Each structure stands twice: as C-alpha cells, then as structure tokens.
Amino acid sequence: MEYIVINGGKRLEGEVYVSGAKNAAVAIIPAAIAANGVCVIENLPYIEDVEGLTKAMTQIGAVCTLRDDHTLEIDSRNITNCCADYESVRKIRASYYLLGVLLGRFGQAEVPMPGGCNFGVRPIDQHIKGLTAMGATINIEHGMIKARADRLVGTNIFLDVVSVGATINIMLAAIYAEGVTVIENAAKEPHVVDTANFLNILGARVKGAGTDVIRITGVQELHGGTYTIIPDQIESGTYMIAAAVTGGDVTIRNIIPKHMESVISKLSEMKCQVSTGSDYVRVQGGGDLRSVNVKTMPYPGYPTDLQPQMTALLCKTKGTGILTETVWENRFQYINELKRLGANIKVDGRTAVVSGDSNLTGAQVNATDLRAGAALVIAALAAKGETTIGNVRYIDRGYERIEQKLGSLGADIRRVHREA
Ligand code: EPU
C-alpha cells in the first residue's frame, strides 16, 4: 500500500508547472478512434486514468504508443472490436466516451457502465437521450451499455442538465451523423472546447463549443493529426489553493489564466494577492485571509472539482465560510476525514459551514475520491505535525507526481510503501 506523508507548516515558495488537463485527455484519447489515421496527442498528463484508458484503447485494436515526452500516438486504422473490456475501464468514469465514438464510427458499441469517483448517483440518462434521439438503440444488460444504429441522423438535442459528459459524448457520436446535430444547453467547460478543437483539426465540423449551443455537421471521414492538450484547470487551482493555505508565494506556470477566473476571484476576495501573466498565475498568501462563501457551478462558475480543496482552505481563514455544492449531490464525504485533522465543519444537505481558525493537527486519514484526496493534502500542508494519507491511488488518478511538484515548492512530503 502507498501513502503520502506530509509534515505540515512549511511555506510553499517557487514555481510549479501544470500538466495537461485530465478531463480533456480522457475525452481526446477516445476521440482519436473517430480518425481513420494516426493521431499524436501532446502534453498528455501521466496519470492513472490516462493509463487505464490507453489500455482500453489497445484492447479494442487501437495501436497506442506512449513516448516519454508526454506524447501519445494513437493509430485507429485497424479497430477490431467495438466492445470495451470490463476490467480495463471499470474504474474510469470517462469510459463512456467510447460509447459515443464507437457508435458514431462503426454503428455499434458495448461499454461497461462507467466507474470513477463515487460521490452520489452519476446518471448517464442525458447521454442516452442524445444518442437515442439520433437514432441509436440502447440497452443496458449485465452491466454493459449496448448501443447500435444502422445510421445516425443529426437532430436538435436539449440537455435537461448541463452535462460535460453528455455534451462530449453526443458531439463524438455526431461527427459521422447525417446532417446537423445541435446540442442546446451544452456544457462550456474548457475540456469541451479542447475536444471540439481536436476533432476539428482532424476534419470534423464542430462549431460553437464554449457556448451553450454546439452545432456538428456530419462528415465522411476524419484523418489523423497532432494536437496539444490544454493545461489542467483543476491542478492549477489546487496549487493556487495550496499556496494560499501555507501563506506561500507560488507561481503556477503553463496555465490558461482565463480558465482560472472564478478561482482568482475567490482568492482575491479572501485578500490573497493574485497576479497573472500570459501563461502563469502568481499567488501570495501571507497575512490573515478572510472567509468567503462559495457556490459550485458549471463553467465559468466555481468548479465542483475545486470544492473540497476550498473547504480545506476555509479551515484556515478568518470567520465562517459557506460552501454550496450544486453539481454533485453527495460530494462532502471527505469532510469526516478533514475533521480528523481538527476541521470544524457542519454539513446540511448540499451546504457545508466551515469555521475558519481551525487548529489543524496531523493525523492518519484516507482519500475518499480524487479531489477529496487533494483537499486532505492541502489541509495536511497547513496542519501541525505529520499527516499520513491513505488511498493514494485516488490522487494518482488525476495528479501527476504531486509529491514531487509540492516537494519542489518546499513542502515536506513523501510517498511511502507499507504493508497493508
Ligand atoms: N447528470 C445527469 N444526467 C446525465 C449526466 C449528468 O443528471 O446523463 C448530472 C450529474 O448527476 C451531475 C451533473 O449532471 O449532477 C453534472 O454531471 P456531468 O455529466 O457534467 O459530469 P461528468 O461528465 O460525469 C465531468 C468530470 C468531473 C466533474 C464534472 C462536473 C470528466 C471525466 N469528469 O464529469 O470531474 O466533476 O464533469 O464538472 O470530465 C474530477 O475530475 O474529479 C471529476 C469528478
């Protein structure tokens, strides 16, 4: 078993480089199946979810070559199999993208029900609604989603909820559909735009990504191409919050500052010094920080994937902060673990009331999901004494070399192997 051990109380200082975006990578890798050619994907994050998805791609006949410069080459010319294997994708939420892309290119797909982080019901009814509206027949049998279509035909699809996954999945299925598919009430997250940009480089005709109406005009064939994944918005925000909680001075590089506006705005409201350049943000967290209220929202609102990290920061600010989670119904499970470190938080439904000035002290805790793990890392950086974090595999799903990156900023952090 692996653990992350942190001796808290060290001020973070220096520069850190952000990796490619996880949630763009896990869409763009399966999107490469749409191309009858070779795709080269650059700025790939080396994380567990990418590794798992690459294995699933290989199993269906894509030839994947991972280079040691954060580049993945995918040759989808000889896909042999439209059925993704349960073992390779069961832990990955984004495995559902295989459904849309295989269905779109080959008229059939069989994909296990998605796994990934568990924070409440994670329905896929909007994916199914969209694909069905385009002419697919979908059945769920023995834990597999089975989709078939003699032909997909473009239509207007209004999403009942703003869903990143449904937006991208419908977009993938629509590439080869006859006519025009219009997704209304579409998600606007940076990784939706990145996936559309990738598809367009390959010859797709996707317009409007980044707004709430996306139009996809079907084409005959996609060719290969080279594409660079955008920097990870959530990793960037995690290091920004880590800088703030330690009263540090950190420049986070290789980012798109525009993607960070909601976080910059909250940190500034807390009286953190934040400045930006073309591809960096600098966070200086000295002095007393004020508590703020935060409500998670689809992009460009404050991201749910930075909600747990913000809770950890609010434990160390002056006053009381109220966090409202509007995206996921049960994303406060990690709070019991934060309480082991001394956090004073009351949860009522989708709201958490966080008392600042908590006296955080090191303890043994367990990550309950990916971003919960990041929140524990942040709290541990601010806690007195030693914290040992278990279930590190969750953190590895989305953060590349987190202990090395934080260590280079002066954190006392190490990964240890112990017998279970
Ligand atoms: N929803 C439905 N029906 C659907 C799909 C979604 O009701 O068919 C609801 C969900 O229950 C949720 C809301 O819509 O309440 C948003 O879900 P969405 O589909 O946008 O989430 P997702 O695509 O499954 C992605 C990220 C998550 C991130 C959410 C929200 C990936 C692989 N995952 O999930 O990232 O929390 O969008 O921004 O892109 C993470 O990185 O830690 C992570 C969990």
Side-chain angles (χ1 to χ4, degrees), residues 19-31 45 47-50 52-53 56 89 91-100 113-133 138 140 145 157-172 183 185-195 212 229-230 232-238 259 262 295-309 324-331 333-334 350 367-375 393-400 402:
S19 300
K22 160 185 166 283
N23 288 342
V26 297
I28 286 173
I29 293 170
I47 51 174
E48 293 276 320
D49 271 16
V50 162
L53 207 46
V89 300
K91 293 189 199 136
I92 309 167
R93 179 78 188 156
S95 58
Y96 49 45
Y97 293 137
L98 291 168
L99 186 73
M113 286 292 282
C117 285
N118 178 18
F119 30 71
V121 182
R122 297 189 69 173
I124 54 163
D125 57 295
Q126 297 303 303
H127 305 231
I128 293 176
K129 168 179 149 168
L131 301 178
T132 309
I138 300 189
I140 299 178
I145 314 168
I157 299 158
F158 191 101
L159 296 179
D160 301 332
V161 289
V162 179
S163 161
V164 170
T167 302
I168 294 179
N169 225 351
I170 296 167
M171 196 157 86
L172 292 173
I183 310 172
N185 200 23
K188 296 182 281 216
E189 267 65 7
H191 31 290
V192 173
V193 180
D194 213 33
T195 309
D212 47 20
I229 291 177
I230 50 166
D232 197 304
Q233 177 204 26
I234 306 302
E235 190 194 11
S236 311
T238 302
H259 295 167
S262 62
K295 196 179 218 178
T296 64
M297 301 288 267
Y299 189 81
Y302 187 90
T304 172
D305 294 341
L306 285 170
Q307 177 260 99
Q309 300 87 321
T324 309
E325 173 59 55
T326 73
V327 179
W328 296 113
E329 65 178 13
N330 189 15
R331 208 175 193 175
Q333 292 171 56
Y334 65 93
R350 287 184 175 228
T368 51
D369 66 58
L370 164 59
R371 307 305 173 187
R393 64 179 194 282
Y394 283 127
I395 300 175
D396 292 337
R397 284 193 42 215
Y399 291 91
E400 182 178 328
I402 192 168

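These numbers come from a predicted model, not from an experiment. Counting starts at 1 for both ligands and their atoms, in listed order.
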List every atom of ligand 1 that sits less than 4.0 Å from any heavy atom of [X], numbering the atoms from 1 in the order shown and giving each element.
{"X": "Thr304", "result": "30 (C), 36 (O), 38 (O)"}
{"X": "His127", "result": "8 (O)"}
{"X": "Leu370", "result": "42 (O)"}
{"X": "Arg331", "result": "36 (O), 42 (O), 44 (C)"}
{"X": "Gln126", "result": "3 (N), 4 (C), 8 (O)"}
{"X": "Gly165", "result": "19 (O), 23 (O)"}
{"X": "Ile124", "result": "4 (C), 8 (O)"}
{"X": "Val164", "result": "18 (P), 19 (O), 20 (O), 23 (O), 37 (O)"}

For ligand 1, does Glu329 get within less than 4.0 Å through its side chain, its backbone, both, or neither, judged by non-hydrogen atoms? neither
Does ligand 1 have any atom that is closer than 4.0 Å to a heavy atom of [X]?
{"X": "Tyr96", "value": "yes"}
{"X": "Val162", "value": "yes"}
{"X": "Glu325", "value": "no"}

Distance check, rounded to the nearest 0.5 Å: [X] atom [atom1] versus [Y] atom [atom2]?
{"X": "Lys188", "Y": "Asp212", "atom1": "NZ", "atom2": "CG", "value": "4.5 Å"}
{"X": "Ile229", "Y": "Ile28", "atom1": "CD1", "atom2": "CD1", "value": "5.0 Å"}
{"X": "Thr167", "Y": "Ile183", "atom1": "OG1", "atom2": "CD1", "value": "6.0 Å"}

Would you find a donor on one side and an acceptor on the other, under 3.5 Å apart, between the side chain of [X] and the backbone of [Y]?
{"X": "Arg350", "Y": "Thr326", "result": "yes"}
{"X": "Asn169", "Y": "Gly100", "result": "yes"}
{"X": "Lys129", "Y": "Phe158", "result": "yes"}
{"X": "Glu329", "Y": "Glu325", "result": "no"}

Quick one: side chains of residues 19-27, donor-acceptor pairs under 3.5 Å with protein atoms, not counting sequence neighbours, listed by atom name and distance.
unit_1: Ser19; atom_1: OG; unit_2: Glu400; atom_2: OE1; d: 3.2
unit_1: Ser19; atom_1: OG; unit_2: Lys405; atom_2: NZ; d: 2.8

Contact (N/O only, under 3.5 Å) between Ala94 and ligand 1: no
Under 3.5 Å, N or O to N or O, is Asp305 touching ligand 1 that way? yes
Out of Ala24, Ala374, Pro123, whose heavy atom sits nearest atom 4 (C) of ligand 1? Pro123
Does atom NZ of Lys295 have more than 12 heavy-atom neighbours from other groups under 6.0 Å away? no
Please identify each residue that fulfils ring pair (Phe, Tyr, Trp, His ring centres under 6.0 Å) with Tyr96, with sequence neighbours left out. His127
